[in-house]
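A note on names: the letters A, B, ... follow the listed sequences, proteins ahead of strands, and every chain is numbered from 1. Please read all numbers here as calculations on a predicted model, not as lab measurements. Only heavy atoms go into these numbers, but all of them, side chains included; no hydrogens, no water, no symmetry mates.
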Amino acid sequence: MSRGKYATISNVFHLFQKQLQEALGGFLRRHFQADVAVQVEQPKQASFGELALPVAFQLAKALKKPPKAIAAELSAALPRLDGVKETEVAGNGYLNIRIDRGYYGLLLLESVSRPPEAKPGKIVVEHTNINPNKAAHIGHLRNAVLGDTFVRMLKATGHCVETQNYIDNTGVQVADVVAGFRFLRHMRWPEVYPLTVQPRFDYVCWDLYAQTSQHYKDNPESVAWRQEVLHSIESGEGELARIGHTVADAIVECHLATMRRLGITYDVLPRESEILHLQFWAKAFEQLKERKAIYLEEEGKNKGCWVMPGSAFSGATNAEGEEDNKVIVRSNGTVTYVGKDIAYQMWKFGVLGKDFHYRVLKTYEDGHVIWISTTEPAPNEPAFGHATQVFNVIDSRQSYLQDVVVAGLRQLGYPEQAAQSVHFSYEMVALSPRTCVELGIELSEEDQKRPYVEVSGRKGLGVKADDLIDKLIEAALGEVESRHPGAEANRQVATDIAVGALRYFLLKFTRNTVIAFDFQEALSFQGDTGPYVQYAAVRARKILRNYEERFGALPDFNAVLTHEAFSSCLEEEPLWQMLLACSKAGLAIEAAVASGEPSQVSRFAFNLAQSFSTFYHDYPVVAEENARKRALLVWMTQYFSRQLEHTLSVLGIRVPAYM
RNA sequence: GGGCGCGUAGCUCAGCUGGAUAGAGCAUCUGCCUUCUAAGCAGAGGGUCGCAGGUUCGAGUCCUGCCGCGCCUACCA
């Protein structure tokens with residue numbers, strides 16, 4: 001739980017825009033007695049100026065005048081505003097504003113980068129949440145990368161964030177793998193344990209889980225194994241429970257290692273086993289009954305179950321046109337997953353009236369500590385939870401269940417917590433038919449016609465995360481080797497590129513787009529990709545290095561870059577456009593946080609990189625003969641470098657040492 | 001049946017609270033490596049924004065109805 005380490009970003013454009021809005025708002029009140037919120041847009045075309053005000057359209061109705069006339073009147077009456085060079089009426093009534101480039105350049109030069117203003121409250125983001133019974137696949141990666149990036153975005157904008165990764169170590173999926181070891185492979189704990197300390201134990205379980213699922217399908221009576229394992233795990237006694245814990249703990253380690261490769265980590269891992277043993281559910285059950293959020297069904301198909309009425313969470317009706325109630329406690333007295341999830345969500349907000357204990361699971365070289373829940377108190381335990389807002393990163397297929405959880409909070413009398421519970425949903429990652437063929441997956445005729453095929457852990461159908469990362473590293477290594485044969489850091493560079501490519505690939509789609517995963521696309525390092533953006537960052541650094549080698553040091557920018565210098569140099573449109581784009585980094589990240597859409601950040605990074613690539617091609621910096629212009633170019637390179645690298649750090653993408 | 005989402009260039013996707021001539025990447029074609037690395041740059045072709053109505057100064061964007069596709073709708077998670 002921490003504020004960002006992202007110390008700095010220059011957010012001048014945002015501030016400039018705000019000032020302008022305020023000045024204009026004041027003017028409108030005085031001049032037209034009109035109290036309107038001044039909207040500011042980005043003009044469609046750069047030639048229209050830097051800011052477009054549709055204010056005349058807003059006023060047209062009230063003033064009963066055509067927008068164009070109002071815009072003209074406004075333009076004429078408007079007092080001089082700091083940093084505004086001129087205003088212009090365009091289109092059907094837009095008031096376009098051209099920024100004084102010299103003024104703006106100085107503003108950027110003098111702007112002190114400072115940490116974002118600390119926002120009040122505490123945000124809990126829960127992501128990853130992979131069942132600890134098999135290797136992670138690309139679907140899990142989308143979850144983790146989205147969650148991790150959103151965490152970075154929040155920290156970069158000054159929020160206090162705690163990252164949780166919930167571990168369902170007592171569930172059906174773990175039970176099935178345990179059943180596989182014990183009953184299918186007839187192994188006892190002493191035989192299972194050595195496997196768990198082998199590398200890629202998660203791959204062993206991947207196959208075993210698929211095998212067990214298939215066995216259930218062929219021998220339905222063997223599903224009884226699952227019950228036996230679950231009972232053992234729940235009581236915490238017996239060999240099955242022991243195998244279960246050993247397996248789950250080992251797989252969690254595998255998952256943490258996989259995510260670590262992508263720069264993803266967590267603050268705390270709350271486990272299902274502690275929710276069970278600390279009786280979180282009993283506490284929630286009390287409250288749910290007491291506040292009449294659920295009731296005991298006395299007839300019908302749900303007889304003997306405690307259910308939440310369908311009216312509480314949706315207007316959905318079933319095939320018979322009746323409202324669908326949701327079973328929270330089964331007729332045999334056991335609680336469903338949703339029930340436990342309600343208790344967990346209450347805990348996140350600190351309204352359950354119970355808490356975990358914690359111990360340190362591991363400490364990384366950089367000092368980062370991951371805590372894990374325990375049942376026993378320990379000295380100097382940190383406090384987790386007690387959030388003011390909670391984001392649950394969970395795929396959109398579970399929106400129904402998330403609705404039930406939120407309804408639970410509302411019915412319990414926690415309307416604010418309900419309102420602050422956000423299902424940060426995203427669509428699944430499927431496989432393109434072409435990739436299925438590559439993987440040797442046989443497709444039915446039906447599936448061949450579809451644009452994508454759903455992955456299935458149960459069937460062992462999917463692309464394992466570590467395989468994909470390995471494949472990306474190999475591909476990147478090939479490219480790096482061809483450019484820098486035998487160079488020392490090639491392995492590290494290839495890894496940075498692979499991770500950049502993967503994270504970018506998973507982030508470039510908006511959340512509600514189904515990704516049809518395709519190897520060819522994911523392995524591409526050209527165009528709209530992570531490596532393209534990294535390449536721009538690498539080139540910018542190289543220019544700065546070359547400049548220092550050639551001239552000893554960077555120029556004294558404050559001395560050389562005057563208003564006049566900026567004014568004349570920034571007459572050149574491409575230079576101005578790039579500078580302007582760079583100055584919008586902070587705005588882009590804030591907008592992306594507001595809309596909850598990490599893809600906006602990756603798109604911004606790409607556009608910025610494009611803008612620099614053109615600059616790189618058109619303006620040889622070090623070779624520039626005019627000293628003043630050379631200073632401006634190298635300053636711009638430095639400014640770009642800072643802004644892009646900040647944006648990349650928010651995306652969790654590293655800048656390789658070379659490319 | 002109901003809930004949610006999607007349908008934009010050959011393919012994969014952007015398009016913020018309605019705004020100016022609908023944008024990228026890939027693929028195709030044409031140029032550019034004795035110049036800070038060509039994982040790059042410049043350019044060309046390619047569109048009835050699923051269909052039909054409506055709302056208004058203005059609709060890819062909002063509303064209604066269709067058509068097609070996906071996911072969800074378990075005493076599984």
> From CD of A/Q600 over to P of B/C16, roughly how many Å is that when rounded to an integer?
9 Å
> Between the protein and nucleotides 68-72 of chain B, which nitrogen or oxygen pairs come in under 3.5 angstrom?
unit_1, atom_1, unit_2, atom_2, d
B/G70, OP1, A/R450, NH1, 2.8
B/G70, O2', A/Y452, OH, 3.0

> Quick check: are there more than 12 heavy atoms from other residues, nucleotides or ligands sitting under 6.0 Å from CD of A/Q520?
no
> Hey, mind stepping through A/T170 and A/E234 against side-chain contact (heavy atoms from CB on, under 4.5 Å) and telling me if it holds?
CA-CA 7 Å; A/T170 63; A/E234 200 151 327; over 6 Å; no
> Please check if the side chain of A/Y658 supplies one atom and the backbone of A/N490 the other of a donor-acceptor pair under 3.5 Å.
yes
> Using a cut-off of 6.0 Å, state whether more than 12 heavy atoms not belonging to A/R654 lie near its atom CZ.
no
> Given B/G15, B/A77, B/C75, which nucleotide is nearest the side-chain atoms of A/T510?
B/G15
> Separation of A/L401 atom CG from B/C4 atom C1', in whole Å?
13 Å
> Is the base of B/C33 syn or anti, where syn means the angle lies within 90° of 0?
syn
> Can you tell if the side chain of A/F612 reaches within under 4.5 Å of the side chain of A/R539, non-hydrogen atoms only?
yes
> Nearest-Å distance, CZ (A/F505) to P (B/G25)?
17 Å
> Let me have a per-nucleotide readout for nucleotides 35-44 of chain B, 5' to 3', with B, S or -, counting only protein heavy atoms under 4.0 Å.
-BBSBSSS--
> Using Watson-Crick or G-U wobble geometry with both distances below 3.5 Å, tell me the partner of B/G68, or none.
B/C6
> Measure from CG on A/N512 to P on B/U8 and round the result to the nearest Å.
14 Å
> Can you tell me if A/S75 and A/T87 form a side-chain donor-acceptor pair at under 3.5 Å?
yes
> Which pair of non-hydrogen atoms, one from A/T435 and one from A/D518, has the smallest distance, and what is that distance?
OG1-CA, 3.2 Å
> Rounded to the nearest Å, what distance is computed from the CD1 atom of residue A/I275 to the C1' atom of nucleotide B/A77?
14 Å
> What is the distance, to the nearest angstrom, from the CG atom on A/L507 to the P atom on B/U12?
21 Å
> Taking the side chain from A/H484 and the backbone from A/M659, do they hold a donor-acceptor pair closer than 3.5 Å?
yes
> Ignoring hydrogens and angles, are the base of B/A77 and the side chain of A/N129 linked by a donor-acceptor pair under 3.5 Å?
no
> Can you check the A/D403 CG to B/G5 P distance for me, whole Å?
11 Å
> Could you check how far NZ of A/K584 sits from C1' of B/C16, rounded to whole Å?
13 Å
> Could you tell me whether the side chains of A/Y532 and A/S613 share a donor-acceptor contact shorter than 3.5 Å?
yes
